[in-house]
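Below, read A as the first sequence line, B as the second, and so on, with proteins coming before strands; counting in each chain starts at 1.
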Number of protein chains: 2
Amino acid sequence: MPPKTVKPARRRAKQQRARATVDVIREAAAHVLLREGYARATTNRIAEVAGVSVGTIYQYFNNKDAIFDALIRREVDGLKQLLVKASPDPAVPVADALGILLSSIIRARPEAPTLYRALEQVPNGLFRRRVAEARGNVVEWLRDFLSTHRRELRVRDLEAAAFVIVAASEGIAMNASPEFYRNRGAEEVAALFTRYLTAGSA
Amino acid sequence: MPPKTVKPARRRAKQQRARATVDVIREAAAHVLLREGYARATTNRIAEVAGVSVGTIYQYFNNKDAIFDALIRREVDGLKQLLVKASPDPAVPVADALGILLSSIIRARPEAPTLYRALEQVPNGLFRRRVAEARGNVVEWLRDFLSTHRRELRVRDLEAAAFVIVAASEGIAMNASPEFYRNRGAEEVAALFTRYLTAGSA
DNA sequence: ATACATTCTGAGCTTCTGCTCATATTTGGG
DNA sequence: CCCAAATATGAGCAGAAGCTCAGAATGTAT
């Protein structure tokens, strides 16, 4: 078996123009995915919407999947950063802390779930895989956060509690309508978790 | 504009042999989807796995999407039926009722979430759409169930509570590992909901 | 101004997909 | 056993997708 030229290895953007182009392509991919669905998100269509030729795409992305992988990474990283930025002071009680955390995430990018639902159609379950990776980190972070409040909590297995909270939040976030949040939805979710965690009659 | 022959309209299975063929095709689609992913689930591959020729597929399905639509319908209907069968006696307290409901669903088809995750890749978000429809029914059903136990509950907005519970369950079900259930996972989820719903210190 | 590197172009090649249809096979009632 | 209806076959077509590459355009440095 010949040494097999492991990877074609695309050009890396060196000038500003090029970096801008990469951004434009990624945004176009997001736009087409959101408005027309994955099935219509062909490389030619993405190039067209980006105002760029197909060839240009392949200067920076090894193949079509790589475009969406980049998009997915950006979205997931954005969410992680949002979490650490909204991360509440350890001094405040868990009940309030969770409420703050949830509503700040919800308000930050209300249109995000729509994009996420579209991203589920990317081949190989790439979105789910990347989200699962990130969830590992988030669960870890939440477990540690909970452990600093151990005295206030009635739950024993903090790892399990952290997973339950994160997975449940995902389920709600992916399926809630905007109206849900307009009518006390966020408070209801906060209640779900604080009642689970603490003995208070909140 | 010409009258446009509205629908090709496929043959309907009349003999048993034909009904068996339809089943074989649907099962093959599920099998390929699960083992090889949607990207490799071509009509030719499905036919091959089904031990049937491509032409046969198109005797019973208008197009490729219809195969997966049928598969999705079967799965979603199965879940709904599971729910009504496991539906607990209204006499038992909510806390116990929810626990029974959850664990019976979890135990019924432990491998289901893997298939569901694969079904998310079906074009047009068909799976999500069908699940969303079914969720409407389930939320309604749960709201009514809760309302028969109104006295035991601390929640006010039963509609919102029902949605929160169903959506959260989905999130947990789609992402939990088998180990999670082996280690008290189901009990933990039941605790999440009963603490949310009732004032008891369960 | 010149030279070289970087970036962009887009017609078109290759590959593969969904699907058809003329034909063959099987079924079951009379 | 016969034959019309039902079912199954599969080579191959139409079309579209991902991707390439030879060259044009643009940027940077001297």
Asker: Near DNA chain C, counting only heavy atoms under 4.0 Å, which residues of residues 37-50 of chain B show up?
Answerer: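 Nucleic-acid contacts, sorted: Thr42(B), Thr43(B), Asn44(B).
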Asker: Look at the side chain of Val54(A) and decide which nucleotide, out of dT9(D), dC19(D), dT7(C), has an atom nearest to it.
Answerer: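 Output: dC19(D).
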Asker: Base contacts versus sugar-phosphate-only contacts with protein, heavy atoms under 4.0 Å: please encode nucleotides 22-30 of chain D as B, S and - from 5' to 3'.
Answerer: -----S---
Asker: Taking 4.0 Å as the cut-off, does a side-chain nitrogen or oxygen of Tyr58(A) come that near to OP1 or OP2 on dC19(D)?
Answerer: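 Yes, within the criterion.
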Asker: Rounding to a whole Å, what distance do you find between Ile67(B):CD1 and dG18(C):P?
Answerer: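 Going from Ile67(B) (CD1) to dG18(C) (P), I get 9 Å.
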Asker: Of the nucleotides dG10(C), dC19(D), dT7(D), which has the atom closest to the Asn63(A) side chain?
Answerer: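 That would be dC19(D).
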Asker: Assign the ring pair His149(B) / Phe145(B) to parallel, tilted or perpendicular, where the plane angle (0 to 90°) is split at 30° and 60°.
Answerer: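 The rings of His149(B) and Phe145(B) sit tilted, inter-plane angle from 30° to 60°.
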Asker: To the nearest Å, how far apart are Phe61(B) CZ and dG18(C) C1'?
Answerer: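 Between C1' of dG18(C) and CZ of Phe61(B): 15 Å.
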Asker: To the closest 0.5 Å, what do you measure between CZ (Arg117(A)) and CZ (Phe127(A))?
Answerer: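 Those atoms lie 10.5 Å apart.
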Asker: For Leu197(A) and Glu152(A), what are the C-alpha separation, side-chain angles and deciding distance, and is it a side-chain contact (heavy atoms from CB on, under 4.5 Å)?
Answerer: CA-CA 8 Å; Leu197(A) 290 171; Glu152(A) 311 169 44; over 6 Å; no
Asker: What integer distance in Å separates Lys64(A):NZ from dT15(C):C1'?
Answerer: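 Spelled out: NZ on Lys64(A) to C1' on dT15(C) is 15 Å.
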Asker: Figure out the CZ/P separation between Arg19(B) and dT7(D), and round it to whole Å.
Answerer: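 After rounding, the reported distance stands at 9 Å.
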Asker: Excluding sequence neighbours, so at least two apart, what forms salt bridge (Lys or Arg N to Asp or Glu O under 4.0 Å) with Asp65(B)?
Answerer: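 Applying salt bridge (Lys or Arg N to Asp or Glu O under 4.0 Å) to Asp65(B) gives none.
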Asker: Does Arg74(B) come within less than 4.0 Å of Asp77(B), counting only side-chain N to carboxylate O?
Answerer: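 Salt bridge absent between Arg74(B) and Asp77(B).
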Asker: Can you establish whether the number of heavy atoms outside Glu111(A) located under 6.0 Å from its atom CD is more than 12?
Answerer: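 For Glu111(A), atom CD is crowded (more than 12 foreign heavy atoms under 6.0 Å).
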Asker: What's the OH-C1' distance between Tyr60(B) and dT20(C), to the nearest Å?
Answerer: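 About 16 Å, once rounded to whole Å.
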Asker: For dT7(D) and Thr21(B) - does any side-chain N or O of the residue sit under 4.0 Å from the phosphate oxygens OP1/OP2?
Answerer: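 For dT7(D), neither OP1 nor OP2 has a side-chain N or O of Thr21(B) closer than 4.0 Å.
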Asker: Can you tell me if Arg19(B) has over 12 outside heavy atoms packed within less than 6.0 Å of its CZ?
Answerer: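 Above 12, so yes.
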Asker: Ala108(B) and Leu82(B): which non-hydrogen atoms are nearest, and at how many Å?
Answerer: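 It is CB-CD2, 3.5 Å.
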Asker: Quick one: which of Lys80(B), Arg109(B), Arg130(B) gives a side-chain hydrogen bond (donor to acceptor under 3.5 Å, both in side chains) with Glu75(B)?
Answerer: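 So, applying the side-chain hydrogen bond (donor to acceptor under 3.5 Å, both in side chains) to Glu75(B) and each of Lys80(B), Arg109(B), Arg130(B), only Arg109(B) qualifies.
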